[in-house]
Amino acid sequence: MLGDELLALSPASPIDAGRAAALVRDALGLGGSDGTSRDVSLAGGVAQGTVHISAPTGAFPVPGEPAVMAIGAFDGLHLGHQALLDRAEAEAVARGCRLVVVTFSPDPAAVLGGPANMDLIPAQARWRRIQAAGHACVCVLQFTPELARLTYERFVREVLLGIARVQAIVVGEDFRLGARGAGDVRALAELGGSLGFGVIGVGLSRAGGAPVTATRIRGLLAEGKVEEAAGLLTRPHSVTGRVAHGRGEGTAFGFPTANVEVEGGVELPAEGVYAGYVTVGAGRAVESPDGAPVDGNESGGAGEGRPVAYAAAINVGRPPTFEPGQEGARFLEATLIGFEGDLYGRTVGVCFLRWLRASRPFDSLTELERTVLANVDWTAKALGERGVSL
């Protein structure tokens, strides 16, 4: 399992460049083909959204075309979500039709007044991750109070059937759709009996003796257990953000640092120091927090015009030595190994592979420098001293 692989990383058992590149690409949702998008307006304008098609599929679904539909928020796109989408893909293949994945932005819980959970993947960017996982057609609906008030019958008749002719709906067994959550699996199946489609409720996946859920993964990240979280996500957890001017202590110690301003709605792991990668690059390699691709090349990287991942010692949380009393403030500072150039104002991806230590105040700058250099040395020996081209 990936979690065990990450826990085994050490200077004595370093990662090779090929595996590092694969992990970073998975973490950031890279891969797949560029495609095209088309806006849709359904249910008399109540449902607005965008259908994304990845190449080489090319064609958009039409109302009369048969399709299997998988529906969900898919935050994290973890083991359980992957199992559901794979089940839906298999159903589409068996029926000889395409799969259309229907998801929402923002997360429905944020609109319906549920707990204010942090995102594992920004809602605006999830469709790219779904396509990178091999599912070519994704419809992202804007989740609004007006959409939430639609009955599940109207949602099926005027939204789903407005996209394609539904042959089967695949959802989690605890899924609910429509006003007051009345459209559970049983209700959808009864409706499907009259409209000619089946409904498949997929049970929760289990790992380590417990269900795989986004809530469980958030809990692991809150404890700094990025390796175990990666096992459930099937990739290292990552965030994106823009590089801003920081305090400058890292530069004074002799290595480049990047103060990364991470979007407020995205989950950060617990305060502490981690080993991971910071990716800088071009094109769609690194997305801005709103899901839009970032253009432009970075200086100082191997592979001109290609994204490059640099091993980094990553500090989450305000360093208590310099900013006591600021615990809990969102802060991320990464020490890049092997990078030369200017990152200010750029968007980077940050991947967390390994917990190194908890944050703590130091009695002297000498003790701080010795500890930080030891973290950097461990990271360089375990994850590499040169940038990895993606």
Side-chain angles (χ1 to χ4, degrees), residues 29 34-54 57 60-63 65 67-77 81 84-85 88 98-133 135-164 166 169-172 175-183 188 214 240 263-267 284 287-294:
D34 289 331
T36 186
S37 302
R38 183 175 72 187
D39 292 337
V40 294
S41 179
L42 304 160
V46 174
Q48 301 281 339
T50 304
V51 178
H52 303 276
I53 299 291
S54 63
T57 303
F60 290 97
V62 296
E65 177 189 355
V68 171
M69 294 193 176
I71 310 173
F74 303 118
D75 183 20
L77 203 61
H81 296 143
L84 188 154
L85 291 172
R98 81 160 81 197
L99 170 65
V100 178
V101 181
V102 179
T103 189
F104 307 94
S105 179
D107 202 304
V111 176
L112 296 174
N117 292 320
M118 293 288 188
D119 290 333
L120 296 174
I121 301 173
Q124 307 94 317
R126 289 175 200 167
W127 67 270
R128 286 190 182 275
R129 302 296 187 99
I130 294 169
Q131 286 190 335
H135 308 291
C137 181
V138 185
C139 178
V140 182
L141 296 175
Q142 299 171 19
F143 199 85
T144 62
E146 293 75 21
L147 184 66
R149 286 194 288 268
L150 284 182
T151 64
Y152 73 89
E153 297 98 330
R154 189 178 173 195
F155 187 94
V156 170
R157 293 177 186 275
E158 299 185 31
V159 179
L160 299 185
L161 290 174
I163 298 170
V166 181
I169 291 176
V170 182
V171 293
F175 178 81
R176 289 181 174 274
L177 178 69
R180 298 179 296 280
L188 289 172
T240 59
E263 277 287 279
V266 180
E267 190 79 44
R284 59 172 292 187
E287 294 174 350
S288 64
D290 64 0
V294 175

Hey, can you pull the donor-acceptor pairs under 3.5 Å for the side chains in residues 40-48, sequence neighbours left out?
unit_1, atom_1, unit_2, atom_2, d
Ser41, OG, Gln48, NE2, 3.0
Gln48, NE2, Gly45, O, 3.1

Looking only at heavy atoms, what is the nearest atom pair of [X] and [Y], with distance?
X: Gly76; Y: Leu120; answer: CA-CB, 3.8 Å
X: Leu160; Y: Met69; answer: O-CE, 3.3 Å
X: Tyr152; Y: Leu188; answer: CD1-CD2, 3.9 Å
X: Gly162; Y: Pro63; answer: O-CG, 3.5 Å
X: Ala88; Y: Ala70; answer: CB-CB, 3.8 Å

Steps toward side-chain contact (heavy atoms from CB on, under 4.5 Å) verdict (Trp127, Thr50): CA-CA 10 Å; Trp127 67 270; Thr50 304; over 6 Å; no
Partners meeting salt bridge (Lys or Arg N to Asp or Glu O under 4.0 Å) with Arg38 (sequence neighbours left out): none
Does any part of the side chain of [Y], heavy atoms only, come nearer than 4.5 Å to the side chain of [X], both counted from C-beta?
X: His52; Y: Val140; value: yes
X: Phe143; Y: Leu112; value: yes
X: Ile71; Y: Phe104; value: yes
X: Val111; Y: Pro145; value: yes
X: Arg126; Y: Asp107; value: yes
X: Ser54; Y: Val138; value: no
X: Phe155; Y: Leu141; value: yes

Judged by atom type as modelled, is there a donor-acceptor pair below 3.5 Å linking the side chain of [X] to the main-chain atoms of [Y]?
X: Asp75; Y: Asp119; value: no
X: Thr103; Y: Ala73; value: yes
X: Gln131; Y: Ala136; value: yes

Approximate separation, where rounding is to 0.5 Å, of Ile121 CD1 and Phe74 CZ: 11.0 Å
Residue pair Leu85, Leu77: steps toward the side-chain contact (heavy atoms from CB on, under 4.5 Å) verdict: CA-CA 9 Å; Leu85 291 172; Leu77 203 61; 3.7 Å; yes
Intermediate values then yes/no, side-chain contact (heavy atoms from CB on, under 4.5 Å), Phe60 and Thr36: CA-CA 9 Å; Phe60 290 97; Thr36 186; 3.6 Å; yes
Leu99/His135 under side-chain contact (heavy atoms from CB on, under 4.5 Å): CA gap, chis, key distance, verdict: CA-CA 7 Å; Leu99 170 65; His135 308 291; 3.8 Å; yes
